[in-house]
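For reference, the structure is listed below as structure tokens.
All values reported here derive from a predicted model rather than from experimental measurement. The analysis underlying the following values was restricted to heavy atoms, covering all of them including side chains, and did not include hydrogens, waters or symmetry mates.
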Amino acid sequence: MPQELLIQVSPEIAANESLLKGFVANKIKVAAHSIHHIVILKRSIDARQKAIKINLKVVVYLDGEPFQERLLELPDYPNVANSQEVIVVGAGPAGLFAALQLVELGLKPIVVERGKDVRGRRRDLKAINRDHIVDGDSNYCFGEGGAGTYSDGKLYTRSKKRGDVTRILELLVAFGATPDILVDAHPHIGTNKLPQIIQDIREKIIECGGQVLFETRVTDILIKNNEVEGVVTQKGDTISANKLILATGHSARDIFELLDKKKIFIEAKAFALGVRAEHPQSLIDQIQYSCDYRGELLPPAPYSIVKQVGGRGMYSFCMCPGGVIAPCATSPGEVVTNGWSPSKRDQATANSGIVIELKLEDFKPFAKFGPLAGMEFQKSIEKKAWHLAGETQKVPAQRMVDFVQNKVSSEIPKTSYVPGTTSVEMGQVFPSFLSQILREGFSEFGKSMKGYLTNEAILHAPESRTSSPVRIPRDGITYEHLQIKGLYPCGEGAGYAGGIISAAIDGEKCALMIAESLKR
């Protein structure tokens with residue numbers, strides 16, 4: 001019977017099939033030639049000691065024990081061209097996986113996406129980076145695949161209780177992702193590889209009779225007797241259906257404003273906000289791996305750090321080893337940062353959001369906006385950053401030690417943020433209580449990670465789109481809005497997910513709940 005083992009090996013052994021076979025053979029006391037296959041189930045790095053180790057969970061097959069490689073295939077999706085229709089607003093991970101699940105359940109999704117298809121988005125991203133032009137419907141946040149498509153493609157989630165993480169990963173592999181995402185402790189596809197996978201998902205939806213409408217922004221939701229009847233688009237077209245999955249993402253402010261205007265119940269939600277810090281990747285490698293050079297066998301080192309400062313959590317968010325910082329504004333007159341990495345994570349810099357948890361009480365100066373108070377707080381900081389940096393897509397920037405010492409940096413070296421930077425005392429961007437927490441927090445970070453607090457690190461502001469500033473409440477069992485029948489708030493924008501995997505899981509759940517409701 002095949003044996004399952006937990007082993008710890010050097011990076012050299014982990015990277016060499018022959019060496020690994022010899023190590024395992026010695027471990028289970030058999031001849032190496034009697035092992036005909038080793039399957040790696042899980043892989044992670046242990047860098048706590050100077051001698052770095054790779055943790056592996058493997059299954060060992062000896063001679064005579066049958067082994068059959070598992071091929072991941074897509075479900076047998078039916079043709080749903082003539083089936084009952086469900087509107088899905090948003091083609092991010094929540095919307096796309098909701099649509100796939102609807103097809104699998106025999107229902108016809110009509111996916112309505114305000115932005116362009118995944119290839120068409122590229123021209124508009126270039127316009128932000130090169131010409132400082134922000135298209136309100138096509139940018140790093142809006143368009144096919146959502147914010148995650150051009151924002152790294154991280155698949156790690158702590159939300160194991162939300163649903164079947166493995167199912168989502170296996171679907172991604174079946175659509176072309178590397179099987180390594182099933183093995184690695186912190187799986188990652190890469191911004192350069194995600195677009196093709198997203199395109200293949202869309203083509204499967206269409207092949208099965210679903211619809212995907214691009215450059216189609218929803219401007220109204222039709223409701224009669226507190227029940228959904230359809231949506232109206234910016235072109236004046238009406239799409240009718242009595243089931244609507246609202247998966248618009250955390251930056252669809254016009255949708256939040258529409259719901260508030262129509263007296264559809266929403267509520268302010270706390271989120272986190274801060275800066276994006278960029279270090280040389282070699283410096284992070286030295287800190288994390290305790291070596292001068294990581295070599296070819298170890299990946300660029302990530303980091304994760306959390307501190308309690310002033311009664312609030314301050315932590316790293318969406319850390320991008322070997323990555324770059326990107327401009328993620330969704331409207332003219334604002335500046336927003338985010339980070340991403342290509343699949344090889346081979347850029348010279350590492351960046352991470354460093355954010356502070358906010359509380360609802362922080363939004364009191366914007367109380368007149370009701371449930372949109374958090375959103376207006378968020379907007380005020382993004383607009384202030386835009387003004388301070390010269391009213392372009394340049395961002396306010398400061399060297400880390402200079403910020404901690406409340407000193408304007410005399411010059412800012414070129415960073416990975418293509419539109420450029422303007423030297424600003426970062427305390428001007430944020431309310432004074434947040435600036436103080438950031439200063440104290442970076443000092444604490446420097447104590448935990450020797451070398452992290454350095455003027456080689458450049459802070460970019462703001463990192464403000466960590467999650468939705470609004471929650472659209474729904475029933476905990478049916479997933480239907482508490483007030484409007486047939487409306488299913490979904491994913492990050494509704495306040496029920498935090499990343500590609502959890503959003504995809506939530507999209508599937510909403511689709512399943514709709515199918516259940518139709519059986520009643």
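- Contact annotation: the side chain of Ile354 approaches that of Phe442 to within less than 4.5 Å [non-hydrogen atoms, C-beta and beyond].
- A salt bridge does not link Glu357 with Arg312: none of the charged nitrogens is closer than 4.0 Å to a carboxylate oxygen.
- When all heavy atoms are compared, the tightest approach of Met513 to Ile477 is SD-O, 3.2 Å.
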Listing, residues 95-113 side-chain donor-acceptor contacts under 3.5 Å, not counting sequence neighbours, or none:
{"unit_1": "Gln101", "atom_1": "OE1", "unit_2": "Arg167", "atom_2": "NH2", "d": "3.3"}
{"unit_1": "Glu104", "atom_1": "OE1", "unit_2": "Arg167", "atom_2": "NH2", "d": "3.0"}
{"unit_1": "Lys108", "atom_1": "NZ", "unit_2": "Glu85", "atom_2": "OE2", "d": "3.4"}
{"unit_1": "Glu113", "atom_1": "OE1", "unit_2": "Ala91", "atom_2": "N", "d": "2.8"}
{"unit_1": "Glu113", "atom_1": "OE2", "unit_2": "Gly115", "atom_2": "N", "d": "2.8"}
{"unit_1": "Glu113", "atom_1": "OE2", "unit_2": "Gly143", "atom_2": "N", "d": "3.1"}

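- Side chain of Asp124 to backbone of Asn139: no donor-acceptor contact under 3.5 angstrom is found.
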Assess whether side-chain contact (heavy atoms from CB on, under 4.5 Å) is satisfied between Thr478 and Ser517, documenting all intermediate values. CA-CA 8 Å; Thr478 67; Ser517 73; over 6 Å; no
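- Of the possible polar contacts, one joining the Arg474 side chain to the Pro489 backbone as a donor-acceptor pair under 3.5 Å is found.
- Side-chain contact check for Arg465 versus Tyr140: every heavy-atom pair is 4.5 Å or farther apart.
- Around atom NZ of Lys364, no more than 12 heavy atoms belonging to other residues, nucleotides or ligands sit under 6.0 Å away.
- Heavy atoms only, all atoms of each residue included: Leu360 and Ala268 are closest at CD2-O, 3.8 Å.
- With a 4.5 Å cut-off on side-chain heavy atoms, Gln288 and Met449 count as touching.
- In this structure, the side chain of Asp260 does not engage the main chain of Phe256 through any donor-acceptor pair within 3.5 Å.
- Residue Ala461 comes nearest to Phe430 through the heavy atom pair CB-CZ, 3.9 Å, listed as atom of the first residue, atom of the second, then distance.
- Without hydrogens or angle criteria, Gln234 side chain to Glu215 main chain gives a donor-acceptor distance under 3.5 Å.
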Given side-chain contact (heavy atoms from CB on, under 4.5 Å), test Val232 with Leu222 step by step and report yes or no. CA-CA 7 Å; Val232 178; Leu222 301 177; 3.7 Å; yes
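- Rounding to the nearest 0.5 Å gives a distance of 12.5 Å between CD of Glu444 and CD1 of Ile437.
- Within the 3.5 Å criterion, the main-chain N or O of Lys224 finds no donor-acceptor partner in the side chain of Glu229.
- The side-chain contact (heavy atoms from CB on, under 4.5 Å) test with Arg345 singles out one residue from Pro302, Cys320, Pro299, Pro321, and that residue is Pro321.
- In this structure, CD1 in Ile484 is found 9.5 Å from CD in Glu227, a value given to the nearest 0.5 Å.
- Nearest heavy atoms, Ala511 versus Ile245: N-CD1, 4.1 Å.
- At distances below 3.5 Å, at least one donor-acceptor pair connects side-chain atoms of Thr337 with backbone N or O atoms of Pro462.
- With no hydrogens or angles considered, a side-chain donor-acceptor pair links Tyr303 and Tyr452 at under 3.5 Å.
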Is there a side-chain contact (heavy atoms from CB on, under 4.5 Å) between Arg119 and Gln199? Walk through the geometry before answering. CA-CA 9 Å; Arg119 305 292 176 186; Gln199 180 177 313; 3.1 Å; yes
Decide side-chain contact (heavy atoms from CB on, under 4.5 Å) for Val218 and Ile87; before the verdict, give the C-alpha distance in whole Å, the side-chain angles of both, and the deciding distance to 0.1 Å. CA-CA 11 Å; Val218 168; Ile87 299 170; over 6 Å; no
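- In this structure, Ser468 contributes its side chain and Gly493 its backbone to a donor-acceptor pair below 3.5 Å.
- Of the N and O atoms on the side chains of Lys193 and Thr178, not one donor lies less than 3.5 Å from an acceptor on the other residue.
- Residues Val355 and Phe271 are not in side-chain contact: their nearest non-hydrogen atoms beyond the backbone lie 4.5 Å or more apart.
- At least one side-chain heavy atom of Phe433 sits less than 4.5 Å from a side-chain heavy atom of Pro431.
- Within 6.0 Å of the NZ atom in Lys262, the count of heavy atoms belonging to other residues, nucleotides or ligands exceeds 12.
- When all heavy atoms of Leu438 and Ile356 are compared, the pair lying nearest together is CG-CD1, 3.5 Å.
- Salt-bridge check for Lys379 with Glu382: failed, with every basic side-chain N at 4.0 Å or more from each acidic carboxylate O.
- Two residues are said to be in side-chain contact when any heavy atoms from C-beta on lie closer than 4.5 Å; Asp254 and Arg114 meet this criterion.
- Rounding to the nearest 0.5 Å gives a distance of 15.0 Å between CD1 of Ile472 and OH of Tyr488.
- Counting only distance, with no hydrogens or angles, the side chain of Asp164 and the backbone of Thr166 share a donor-acceptor pair below 3.5 Å.
- Pairing each heavy atom of Cys141 with each of Thr330, the nearest pair is CB-CG2, 3.6 Å.
- Between Tyr417 and Gln393, the closest side-chain pair of non-hydrogen atoms falls below 4.5 Å.
- For the pair Leu512/Tyr479, no side-chain contact is recorded, criterion being any heavy-atom separation below 4.5 Å from C-beta on.
- Expressed to the nearest 0.5 Å, how far NE2 of His279 lies from CD1 of Ile284 amounts to 4.5 Å.
- Without hydrogens or angle criteria, Glu492 side chain to Gly499 main chain gives a donor-acceptor distance under 3.5 Å.
- Side chain of Asp200 to main chain of Ile197: no donor-acceptor pair is present (N/O by atom type, distance under 3.5 Å, no hydrogens or angles).
- Summarising the geometry, atom OG belonging to Ser331 is positioned 11.5 Å from atom CH2 belonging to Trp386; distances are rounded to the nearest 0.5 Å.
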